[in-house]
Trainee: 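Following this message is one structure expressed as structure tokens.
Only a predicted model underlies this, so the values are computations on that prediction, with no experimental measurement involved.
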Amino acid sequence: MSPTTVSAVITVDGPSGSGKGTICRLLSQKLGWNLLDSGALYRLTALAARHHGVDLTDVEALQVLAAHLDVRFVASDAESEVQILLEGEEVTKAIRAEDVGLDASKVASIQPVRTALLSRQRDFAQQPGLIADGRDMGTVVFPHALLKIYLDASAEERAQRRYKQLIDKGVGASLDDILQDLRARDDRDMNRSASPLKPAEDAIRLDSTSMTIDEVLAAVLEEARHRGVR
Ligand code: DC
């Protein structure tokens, strides 16, 4: 699908922990629009590589894996979490593991993998509209989006949020380690040559460091209403 023929798209880009995932899920529920979690596609490619014993330096094999990724997103209803199936196996939780995230960021730095996943991402742009969550949604995948948001927060605040999530889940964690990992991932995502994380020129920039989720959601919805979204 060409980027000019898509239905209405709102893109939300930003670094890990900026609150994009939560905001995108809430926006999609509120507007009744489709949701693309593009990070999941990179995580799925990384997991598929692991399942098939493909080395993360084998660009050709990774490109083939990404192009033929057998994945299904199954939504039972608008409120419940989407189930993700990779080659028929439920991997909804498995792809969220820290080590899969780390592998995903390596896989995501390979241009042929990104190219292989491009049309699959654009195919999500179906009626009545799409909320696209990622790093290059506004810059590369949906350059003609109706509204582009770049959601940021300080590294310290993002690390705190991740730390709290893990502690709430009963998982032991070190705030220092989380902050270090987060900075390393930011560095890789922002400084790679293939579609680096950066705000699109026409993006609205929001800093969620001292905003609540409700405040961020309200700010995005207001921008969407200005553009005729009802
Ligand atoms: O958002 P996430 O943590 O699930 O993303 C996993 C990795 O994939 C992360 O290192 C950034 C990368 N990614 C990307 O390069 N482009 C996207 N559109 C989405 C994610």
Side-chain angles (χ1 to χ4, degrees), residues 1-43 73-82 84 108 114-115 117-155 157-158 161 186 189-190 192 194-230:
M1 192 181 292
S2 110
T4 49
T5 59
V6 296
S7 61
V9 177
I10 296 177
T11 59
V12 185
D13 289 303
S16 304
S18 56
K20 284 175 301 132
T22 306
I23 290 300
C24 286
R25 192 165 34 78
L26 293 172
L27 276 173
S28 113
Q29 283 170 4
K30 188 111 189 153
L31 298 175
W33 286 17
N34 301 293
L35 176 64
L36 165 62
D37 171 5
S38 60
L41 292 174
Y42 293 98
R43 288 172 180 269
F73 294 87
V74 184
S76 35
D77 58 67
E79 265 78 54
S80 43
E81 195 190 10
V82 171
I84 304 176
R114 304 194 73 87
T115 306
L117 291 175
L118 203 52
S119 62
R120 194 185 288 258
Q121 295 176 78
R122 289 183 178 151
D123 286 345
F124 276 79
Q126 306 280 340
Q127 295 297 337
L130 175 69
I131 310 296
D133 167 355
R135 305 293 191 289
D136 62 342
M137 298 295 98
T139 49
V140 175
V141 182
F142 300 109
H144 305 296
L146 180 68
L147 169 62
K148 299 178 186 180
I149 301 291
Y150 187 86
L151 189 58
D152 209 346
S154 71
E157 171 64 19
R158 291 184 286 123
R161 290 175 187 170
D186 280 358
D189 290 345
M190 290 173 182
R192 65 183 180 216
S195 306
L197 169 63
K198 62 171 185 202
E201 270 174 25
D202 49 351
I204 306 281
R205 299 171 73 142
L206 291 174
D207 186 328
S208 74
T209 306
S210 36
M211 288 171 88
T212 64
I213 289 168
D214 283 348
E215 286 168 343
V216 176
L217 184 64
V220 177
L221 280 170
E222 194 183 326
E223 293 293 343
R225 306 281 183 232
H226 282 157
R227 288 161 180 76
V229 175
R230 296 284 167 260

Trainee: Taking salt bridge (charged side-chain N to carboxylate O under 4.0 Å, His left out) as the definition, give me every residue that meets it alongside Arg158, ordered by chain and number, with sequence neighbours left out.
Mentor: Asp186
Trainee: Is a donor on one side and an acceptor on the other found under 3.5 Å between the side chain of Asp37 and the backbone of Ala40?
Mentor: yes
Trainee: Say whether, by atom type as modelled, one donor and one acceptor occur between the side chain of Arg122 and the main chain of Val141 under 3.5 angstrom.
Mentor: yes
Trainee: Heavy atoms, side chains only, cut-off 4.5 Å: are Trp33 and Ile131 in contact?
Mentor: yes
Trainee: Among Asp202, Val9, Ile204, which one satisfies side-chain contact (heavy atoms from CB on, under 4.5 Å) with Leu147?
Mentor: Ile204
Trainee: Please name the pair of heavy atoms, one in Ala153 and one in Arg161, separated by the smallest distance, quoted to 0.1 Å.
Mentor: CB-NH1, 4.0 Å
Trainee: Just wondering, do Ile213 and Leu26 contact through their side chains at under 4.5 Å, heavy atoms?
Mentor: yes
Trainee: Distance check, rounded to the nearest 0.5 Å: Ile23 atom CD1 versus Ile149 atom CD1?
Mentor: 10.0 Å
Trainee: Minimum heavy-atom separation for Gln121 and Tyr42, please, with both atom names.
Mentor: NE2-OH, 3.9 Å
Trainee: Let's go through Leu197 and Asp136 carefully: what are the C-alpha distance in whole Å and the side-chain angles of both, what is the deciding distance for side-chain contact (heavy atoms from CB on, under 4.5 Å) to 0.1 Å, and is it a yes or a no?
Mentor: CA-CA 6 Å; Leu197 169 63; Asp136 62 342; over 6 Å; no
Trainee: For Lys198 and Thr139, indicate whether the former's side chain and the latter's backbone hold a donor-acceptor pair under 3.5 Å.
Mentor: no
Trainee: What I'd like to find out is whether the side chain of Asp133 reaches to under 4.5 Å of the side chain of Leu36, using heavy atoms alone.
Mentor: no
Trainee: For residues Ser18 and Ser208, report the shortest heavy-atom separation together with the two atoms involved.
Mentor: O-OG, 3.0 Å
Trainee: Donor-acceptor pairs under 3.5 Å, side chain of residues 215-224 to any protein atom, not counting sequence neighbours: which ones?
Mentor:
{"unit_1": "Glu215", "atom_1": "OE1", "unit_2": "Thr212", "atom_2": "N", "d": "2.9"}
{"unit_1": "Glu223", "atom_1": "OE1", "unit_2": "Arg227", "atom_2": "NH1", "d": "3.0"}

Trainee: Taking all heavy atoms of Lys148 and all of Gly138, pick out the closest pair and write down the distance.
Mentor: NZ-O, 3.0 Å
Trainee: Do the two ring centres, one from Phe124 and one from Phe73, sit under 6.0 Å apart?
Mentor: yes
Trainee: Compare all side-chain heavy atoms of Pro196 with those of Met190 and state whether any distance is below 4.5 angstrom.
Mentor: no
Trainee: Out of curiosity, Asp152 CG to Lys20 NZ, how far, rounded to the nearest 0.5 Å?
Mentor: 10.5 Å
Trainee: Quick one: does Asn34's side chain have a donor or acceptor within less than 3.5 Å of a partner on Gln126's backbone?
Mentor: yes
Trainee: Where is the tightest heavy-atom contact between Val140 and Ser195, given as atom of each residue plus distance?
Mentor: CG2-OG, 3.6 Å
Trainee: Going by side-chain contact (heavy atoms from CB on, under 4.5 Å), name the residues that satisfy it together with Asp13, two or more places apart in sequence or in a different chain.
Mentor: Thr11, Met137, Tyr150
Trainee: Can you see which heavy atom on Leu146 is nearest to which on Ala8, and at what distance?
Mentor: CD2-CB, 4.2 Å
Trainee: Rounded to the nearest 0.5 Å, how far does CZ of Arg114 lie from CZ of Arg135?
Mentor: 9.0 Å
